[in-house]
Amino acid sequence: MTHLWVRAEQRLNEERVGLTPDGAKALLAKGIRVTVEESSVRAIPIAGYVDAGCEIAAETSWPDAPSDAIIFGLKELPEDGTALPHRHIMFGHAFKGQHSGVALLKRFKAGVGTLYDLEYLVDPTGRRVAAFGYWAGYAGAAVTLKCWAAQQRGEICAPVGVYASKDALLADLGAELHALNTKRPSSIVIGALGRVGSGAADLLEAAGSAVTKWDMAETSSGGPFPEILAHDLFLNCIFARPGTPVFVPQDALTVERKLTAIGDVACDPDSDYNPVPVYDRATTWDAPALRVATNPALDVMAIDNLPSMLPIESSEDYAAQLLDTLLKLDDLQDGVWTRAKADFITHSKDL
C-alpha cells in the first residue's frame, strides 16, 4: 500500500501544509495510507486529520518512518548532514546550483533516497501542477504597501508576521493607510497575467491603489522602461531567466523618479538575470525593507516565503491544486512523477 507521511514543518515562520483534511480523506478513499505528524505551528489543526481517518505521528518523527513511506513537506529539512533514505516530496531548491541544494542532493545520494521537487511537478507542457504564486503576489503587494506607508511617516517598514486570514490582512493594511490621510499610491505590476501578478494586482486594487498592469507584450521591447519610475510602487512578478529585461537599472537610484518602493516578489537577487539589480540580498520578516537610495527613499521588499503570511488561504489553495497529482502516488510511473524523478536523477548523478 502506498504510504504518504505528512511531516511537520521546521522552518521559522512556516505554518503552511500541502494537504488538507479533505484532501487526506480523498487519498484514504483511494486506498493510500496517510500519516500526519502533530505540529506545534501548523495553521490547520490536527483534529481535522484525525476526523478524516489519518494516522497521527509525533512531531518531526519522519526520520523513523517506515522505509517505504513517502515523506511530504513543503520547506527545507534541517541542515544536519544526515543521509536521506526515504522518498521526499518538498521544495528542495536544489537544481539550480544553490550551495545548500548541492548539500541536500548529496544527502539523498548517501541515503539512496529520492527527491520529488514540488517545483518540478509539471504537466506535459512544462507548467507546474501547483504553485503558491497567487498568495506570494498578494502578500508581497501588502508588504510593499506597508513599506510605502512607513516612508510617509518618515520610517522604514516594521517587522511583519502571520495573519489569520486575508480579511485580517486587509483590515490591518487599510487601517495603516487610512491613518496617513493621504492619497493612495500608484502602482505598476509586471507579470500581471500570471498567478503571482494577479495576486499582487488584486491586493493593490483592494487597498485602493491605481494599478497599471503589464505583461510580456508591454516589456517585449527590452527597455528601458521610464514608466516604472513614474509610479510610486513597482511589483516585479516575473522570475529571472535568460532574456529577462532589466526593469530598474542601477542608474535609477540617481535619476529623478516618483518610485519609492519595489516589491520584488520573484526575489532572485543572486541571479545573473535579476531584472531588479539595485539590491543584493533577500529581506526578512523582521526587516522587510532594504533601503537602497535616499532623497527620495527607495526601499526594496524581497521576502522569499511570502505565502507563509497567509497560511490558511495559501495552504487550501495549493493543496487543492496538488491533490489530483497526489492521488496518482499509487502509480509513480505516471508522467508527473516520472518527470520529477528524471530531474532528480539528472541533477544528482554526477555528485
Side-chain angles (χ1 to χ4, degrees), residues 4-19 35-44 57-65 69-121 128 130-133 135-136 139-140 160-162 239-240 265-271 281-288 302-311 314-315 318-319 322 326 340-341 343-344 347-348 351:
L4 184 68
W5 184 293
V6 181
R7 62 177 170 85
E9 297 295 330
Q10 293 172 262
R11 177 175 173 169
L12 185 66
N13 298 322
E14 188 54 79
E15 300 182 13
R16 292 175 295 170
V17 63
L19 182 71
T35 298
V36 179
E37 289 185 357
E38 295 175 321
S39 170
S40 56
V41 298
R42 188 183 295 126
I44 298 178
E59 188 165 4
T60 68
S61 59
W62 59 267
D64 298 320
I70 302 170
I71 313 300
F72 177 30
L74 296 177
K75 302 301 286 184
E76 302 91 333
L77 299 172
E79 295 181 2
D80 57 13
T82 56
L84 297 170
H86 291 96
R87 294 168 291 177
H88 282 255
I89 303 169
M90 59 181 283
F91 286 107
H93 305 295
F95 297 163
K96 298 177 182 178
Q98 301 97 321
H99 177 73
S100 60
V102 172
L104 177 66
L105 292 177
K106 288 181 177 178
R107 293 172 64 189
F108 275 107
K109 193 157 190 177
V112 199
T114 302
L115 169 63
Y116 293 98
D117 196 308
L118 287 163
E119 186 176 352
Y120 291 81
L121 297 183
R128 288 168 61 176
F132 282 103
W135 296 105
V160 295
V162 172
F239 291 98
V265 182
C267 188
D268 205 358
D270 296 330
S271 171
R281 58 190 181 276
T283 62
T284 66
W285 290 39
D286 287 337
I303 295 173
D304 67 1
N305 62 332
L306 287 162
S308 301
M309 292 178 61
L310 292 167
S314 61
S315 292
Y318 185 81
L322 187 63
L326 292 179
K341 185 173 183 179
D343 281 317
F344 167 71
H347 289 91
S348 61
L351 294 176

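What you see is a predicted model, and the numbers here were worked out from it, not measured in a lab.
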- Task: Begin with the C-alpha distance, continue with both residues' side-chain angles, and end with the deciding distance and a verdict on side-chain contact (heavy atoms from CB on, under 4.5 Å) for Trp285 and Leu12.
- Result: CA-CA 10 Å; Trp285 290 39; Leu12 185 66; over 6 Å; no
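- Distance check: Ser308 OG to Phe132 CZ gives 7.5 Å after rounding to the nearest 0.5 Å.
- Between Leu118 and Arg128, the shortest heavy-atom contact is O-NE, 4.4 Å.
- Contact between Cys267 and Asp304 at its shortest, heavy atoms only, is SG-CB, 4.0 Å.
- Shown here for Arg16 and Lys75, the closest heavy-atom pair between the two residues is NH2-CD, 3.7 Å.
- Side chains of Asp80 and Arg107 form a contact here, defined as non-hydrogen atoms less than 4.5 Å apart.
- If you take CZ on Arg87 and OH on Tyr116, they are separated by 6.0 Å, rounding to the nearest 0.5 Å.
- Between Leu105 and Phe344, the closest side-chain pair of non-hydrogen atoms falls below 4.5 Å.
- Glu76 and Arg11 are joined by a salt bridge, as a carboxylate oxygen and a charged side-chain nitrogen come within less than 4.0 angstrom of each other.
- Of the possible donor and acceptor atoms, none in the side chain of Ser39 sits under 3.5 Å from a partner among the backbone N and O of Ala8.
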- CA sep, side-chain torsions, deciding dist, call: Leu77, Leu84, side-chain contact (heavy atoms from CB on, under 4.5 Å): CA-CA 10 Å; Leu77 299 172; Leu84 297 170; 3.8 Å; yes
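- Under the 4.5 Å side-chain criterion, counting only non-hydrogen atoms from C-beta, Ser61 is in contact with Glu37.
- Panel note: side chain Glu9, backbone Leu74; a donor-acceptor pair is recorded below 3.5 Å.
- Using a 4.5 Å cut-off on side-chain heavy atoms (C-beta onward), Leu322 and Leu121 make contact.
- Heavy atoms only, all atoms of each residue included: His86 and Pro63 are closest at CE1-O, 3.6 Å.
- Two residues are said to be in side-chain contact when any heavy atoms from C-beta on lie closer than 4.5 Å; Val102 and Leu351 meet this criterion.
- The CG atom of Leu104 sits 8.5 Å away from atom NE2 of His88, with the distance rounded to the nearest 0.5 Å.
- Shown are Thr114, Leu4, Val6, Leu326; of these, the side chain to side chain contact (heavy atoms under 4.5 Å, CB included) with Ile70 is made only by Leu4.
- A donor-acceptor pair under 3.5 Å is absent between the side-chain atoms of Ser271 and the main chain of Ala240, judged by distance alone.
- In this structure, the separation between CD on Glu15 and CD1 on Ile44 is 11.0 Å, given to the nearest 0.5 Å.
- What you find for Trp5 and Ala65 is that their closest heavy atoms are CE3-CB, 3.5 Å.
- Across Gly92 and Leu115, no two heavy atoms sit closer than the pair CA-CD2, 4.2 Å.
- Rounding to the nearest 0.5 Å places CD1 of Ile89 at 9.5 Å from CD1 of Ile71.
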